[in-house]
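The next block holds one structure in the form of structure tokens; read it before the comments.
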Amino acid sequence: MNLRTVETHVAKLTLIWVALYLPLETWASLPDLASPYYIVDLVGIALMTWGALLSLAQRPRPAPALLCAGFAWCAANGWRATADRWTRMTDYPSDAMASIELWVVAGSTLAAGVVLLLLIGLCTQSTAQTHDG
């Protein structure tokens with residue numbers, strides 16, 4: 001499988017992820033959609049969406065950079081959210097919802113981190129190919 005094919009799969013899976021993530025995060029953030037925590041999620045969702053659409057539009061040329069930025073944003077925000085859930089769970093060990101949220105957020109953060117590493121590799125290869133001719 002070539003690098004462009006991998007990027008295309010990541011872009012398509014990103015759009016599927018966004019289609020799930022956006023409504024779930026919006027529902028979980030109700031009624032305060034002006035919350036800075038929700039807004040930071042929206043920025044990540046916008047970057048991932050824009051990056052995925054740009055990547056698909058640039059075919060056959062590689063264009064992983066903006067997609068990589070979106071995953072970097074979301075992985076960093078996920079790390080913060082995981083730490084927040086961990087603190088809440090240790091402060092309130094009987095809070096079952098905090099435990100569920102911790103697993104979901106930590107799993108999502110891990111997945112975003114793995115995709116981020118893959119995209120960093122694609123960006124590196126894309127840059128090398130551009131400079132090599």
When you group the ILVMFWY residues by side-chain heavy-atom contacts below 4.5 Å and let the links chain together, are Val18 and Phe71 in the same group? yes
Which atom pairs, donor and acceptor, lie under 3.5 Å between side-chain atoms of residues 108-120 and protein residues at least two apart or in another chain?
{"residue": "Ser108", "atom": "OG", "partner": "Val104", "partner atom": "O", "Å": "2.9"}
{"residue": "Thr109", "atom": "OG1", "partner": "Gly78", "partner atom": "O", "Å": "3.1"}
{"residue": "Thr109", "atom": "OG1", "partner": "Thr82", "partner atom": "OG1", "Å": "3.3"}
{"residue": "Thr109", "atom": "OG1", "partner": "Val105", "partner atom": "O", "Å": "2.8"}

Let me check something: do Trp27 and Leu20 share a hydrophobic cluster, defined by ILVMFWY side-chain heavy atoms less than 4.5 Å apart, either directly or through other members? no
Find the distance between SG (Cys74) and CG (Leu47) and round it off to the nearest 0.5 Å. 7.5 Å
Measuring from Thr49:OG1 to Leu22:CG, what's the distance to the nearest 0.5 Å? 7.5 Å
With rounding to the nearest 0.5 angstrom, report the CE to CG distance, Met89 to Leu102. 5.0 Å
Do Ile16 and Met48 belong together in a cluster built from hydrophobic side chains that touch within less than 4.5 Å? no
May I ask you to list the residues sharing a hydrophobic cluster with Trp79, side-chain cutoff 4.5 Å, ordered by chain and number? none
Just how far is it from atom CG of Leu15 to atom NZ of Lys12, taken to the nearest 0.5 Å? 10.0 Å
Any donor and acceptor pair, going by atom type alone, linking the side chain of Thr90 with main-chain N or O of Thr87 inside 3.5 Å? yes
If I take atom CG from residue Leu122 and atom CG from residue Leu3, how far apart are they, to the nearest 0.5 angstrom? 5.5 Å
Write down the atom of Ala11, the atom of Ala52, and the distance for their closest heavy-atom approach. O-CB, 3.5 Å
Close side-chain approach of Tyr37 to Arg80, heavy-atom, < 4.5 Å: yes
Under a 4.5 Å side-chain heavy-atom rule over Ile, Leu, Val, Met, Phe, Trp and Tyr, are Leu66 and Leu56 clustered together? no
For the CG atom of Asn2 and the CD atom of Glu7, what is their distance to the nearest 0.5 Å? 10.0 Å
At their closest point, which heavy atom of Trp73 faces which heavy atom of Val40, and how far apart are they? NE1-O, 2.9 Å
Specify the closest pair of heavy atoms between Thr26 and Leu33, including all atoms of both residues, with the distance to one decimal. O-CD2, 3.8 Å
Residues Glu101 and Arg88: closest non-hydrogen pair is OE1-NH2, 2.7 Å
In one Ile/Leu/Val/Met/Phe/Trp/Tyr side-chain cluster, 4.5 Å: Val43, Leu54: yes
Check: Ser55 and Arg4 side chains under 4.5 Å, non-hydrogen atoms: yes
